[in-house]
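Owing to the predicted nature of the structure, the values given are computational and were not obtained by experimental measurement.
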Amino acid sequence: MGRDREPDTIPSPGGSGRNVPSPIRVSLVNDYEVILRGLHSMLSPFSDRITVVEHQIGGTPDERAHIALFDTFAGRRDALDRARQMTEDGLVDHIVLYTWDAAPRFLDIAKSIGVSAVILKSVSGELLVEQLERVAAGERLGWSDSSRSVGRGSGEALSMREQEVLALLALGFSNPEIAQELFLSVDTVKTYVRRVFAKLGVNNRTNAALLAAKYDLPPPERRLAQRSG
């Protein structure tokens with residue numbers, strides 16, 4: 001019998017001199033299926049460069065992969081805890097956190113636990129894939145420029161930040177708990193909560209939480225178990 005075929009490689013787009021596997025095996029991680037579907041759709045046009053091997057909802061990757069691409073939607077601190085677990089499990093070569101914003105403290109913790117990159121959601125699909133290729137080649141990205149946030153337009157539809165707040169309201173988080181989870185100030189969270197109430201046409205947290213399913217954001221069982229444990 002012949003030997004197994006060696007995986008194809010391409011030169012690193014960052015010019016590191018290292019080759020990267022092609023296609024790169026990527027596990028997508030988040031608590032919400034709707035978020036992972038959107039991320040998978042964004043990567044689909046680049047299937048010759050990226051192979052999504054797993055959608056991991058609410059846990060850590062079970063499949064061997066070059067990169068775990070972890071969308072931090074509705075859970076910055078939770079993402080850091082699970083990234084630490086992924087590092088210990090050793091099933092992925094690199095962990096990339098994909099986020100709308102990254103506070104300096106968030107970046108400090110991510111770097112200390114071995115996260116390879118923090119990538120902002122303002123990047124195009126093409127640039128996201130290029131940066132994943134650079135990570136696979138051994139580069140560490142995002143430590144100097146990811147602390148800025150990505151602005152969202154106004155309008156009656158909930159912004160992604162407002163959807164995050166709604167998801168945490170559905171989990172029963174208080175304003176201080178939301179602030180801690182998302183690395184925001186309590187006053188900023190209060191502003192977002194007021195916007196969510198106004199856009200949903202409700203006047204309390206309970207009624208807002210009941211509408212989370214409208215946005216495909218029902219409380220994940222894992223997170224509910226953590227709350228009750």
Side-chain angles (χ1 to χ4, degrees), residues 4-14 16-100 102 106-121 123 125-143 146 181 220-223 226:
D4 291 340
R5 180 176 178 272
E6 292 295 323
D8 293 333
T9 61
I10 60 172
S12 166
S16 67
R18 304 177 185 176
N19 288 336
V20 299
S22 180
I24 297 169
R25 292 171 57 85
V26 176
S27 291
L28 304 181
V29 185
N30 184 260
D31 279 330
Y32 296 90
E33 182 179 353
V34 64
I35 298 298
L36 295 187
R37 286 203 307 264
L39 187 52
H40 195 165
S41 178
M42 184 179 185
L43 294 173
S44 292
F46 308 96
S47 57
D48 58 326
R49 299 160 66 184
I50 297 288
T51 295
V52 175
V53 297
E54 182 179 12
H55 282 193
Q56 181 53 248
I57 300 173
T60 56
D62 297 317
E63 301 288 336
R64 171 66 64 181
H66 299 115
I67 293 175
L69 182 57
F70 197 144
D71 194 309
T72 67
F73 178 88
R76 303 294 189 281
R77 291 189 185 275
D78 182 70
L80 292 172
D81 289 342
R82 286 159 68 187
R84 186 180 289 108
Q85 182 62 52
M86 289 181 212
T87 301
E88 295 173 359
D89 292 344
L91 278 176
V92 295
D93 299 330
H94 302 281
I95 300 168
V96 174
L97 300 181
Y98 188 53
T99 183
W100 282 115
F106 174 83
L107 290 174
D108 289 343
I109 298 172
K111 191 173 185 179
S112 72
I113 63 178
V115 169
S116 295
V118 176
I119 298 177
L120 289 180
K121 294 186 179 183
V123 301
E126 175 70 38
L127 184 55
L128 173 59
V129 170
E130 179 180 315
Q131 291 185 344
L132 293 178
E133 289 171 341
R134 292 173 63 184
V135 169
E139 294 188 55
R140 290 171 62 84
L141 306 175
W143 308 120
S146 290
E181 182 64 45
E221 291 297 327
R222 183 187 66 86
R223 302 287 291 276
Q226 285 179 336

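Closest approach of Ala65 to Ser27, counting heavy atoms only: CB-OG, 3.6 Å. Closest heavy-atom contact between Pro45 and Met42: CD-O, 3.4 Å. Nearest heavy atom pair, residue Leu107 against residue Ala102, reads CD2-CB, 3.8 Å. Scanning both residues, Met86 and Ala68, for their nearest heavy atoms gives SD-CB, 3.8 Å. Pairing each heavy atom of Arg222 with each of Gly58, the nearest pair is CD-O, 2.6 Å. Here the shortest heavy-atom pairing between Ala74 and Tyr32 reads CB-CE1, 3.9 Å.
Counting only distance, with no hydrogens or angles, the side chain of Asn30 and the backbone of Asp71 share a donor-acceptor pair below 3.5 Å. Ser44 places a side-chain N or O within donor-acceptor distance of the main-chain N or O of His40, the cut-off being under 3.5 Å. A donor-acceptor pair is defined here as one N or O able to donate and one able to accept, closer than 3.5 Å; no such pair exists between the side chain of Glu63 and the backbone of Val53. A side-chain donor-acceptor contact under 3.5 Å links Ser112 to the backbone of Ile109. Put simply, the side chain of Asp89 never gets that close to the backbone of Leu91: no donor and acceptor are under 3.5 Å apart.
Residues Leu43 and Val129 are in side-chain contact: their nearest non-hydrogen atoms beyond the backbone lie under 4.5 Å apart. Between Pro61 and Glu54, the closest side-chain pair of non-hydrogen atoms falls below 4.5 Å. Residues Phe70 and Val115 have side chains not in contact (no heavy-atom distance under 4.5 Å, counting atoms from C-beta outward). Using a 4.5 Å heavy-atom cutoff, the side chains of Lys121 and Leu128 are not in contact.
In this structure, CD in Gln85 is found 13.5 Å from CG in Leu80, a value given to the nearest 0.5 Å. Separating the CG atom in Leu36 from the CG atom in Asp31 is a distance of 9.0 Å, to the nearest 0.5 Å. We find the CD1-OG1 distance between Ile119 and Thr99 to be 11.0 Å, quoted to the nearest 0.5 Å. Put simply, CD1 on Ile24 and CG on Leu132 are 6.0 Å apart, with the number rounded to the nearest 0.5 Å. Within the model, atoms CG of Leu28 and CD1 of Ile67 stand 11.0 Å from one another, a figure rounded to the nearest 0.5 Å. Interatomic distance, OG of Ser116 versus CD of Gln131, reported as 13.0 Å (0.5 Å rounding).
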For the pair Lys111 and Arg140, evaluate side chain to side chain contact (heavy atoms under 4.5 Å, CB included) and give the outcome as yes or no after the intermediate values.
CA-CA 9 Å; Lys111 191 173 185 179; Arg140 290 171 62 84; 3.3 Å; yes
Do Leu97 and Phe106 pass the side chain to side chain contact (heavy atoms under 4.5 Å, CB included) test, and can you show the C-alpha distance, the side-chain angles, and the key distance before you say yes or no?
CA-CA 11 Å; Leu97 300 181; Phe106 174 83; 3.6 Å; yes
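Checked against ring pair (Phe, Tyr, Trp, His ring centres under 6.0 Å), Tyr98 has no partners two or more places apart in sequence or in another chain.
Looking at Asp78 and Arg82, a side-chain N of the basic residue comes within less than 4.0 Å of a carboxylate O on the acidic one, giving a salt bridge.
Residue Glu126 qualifies as enclosed at atom CD: its count of foreign heavy atoms under 6.0 Å is above 12.
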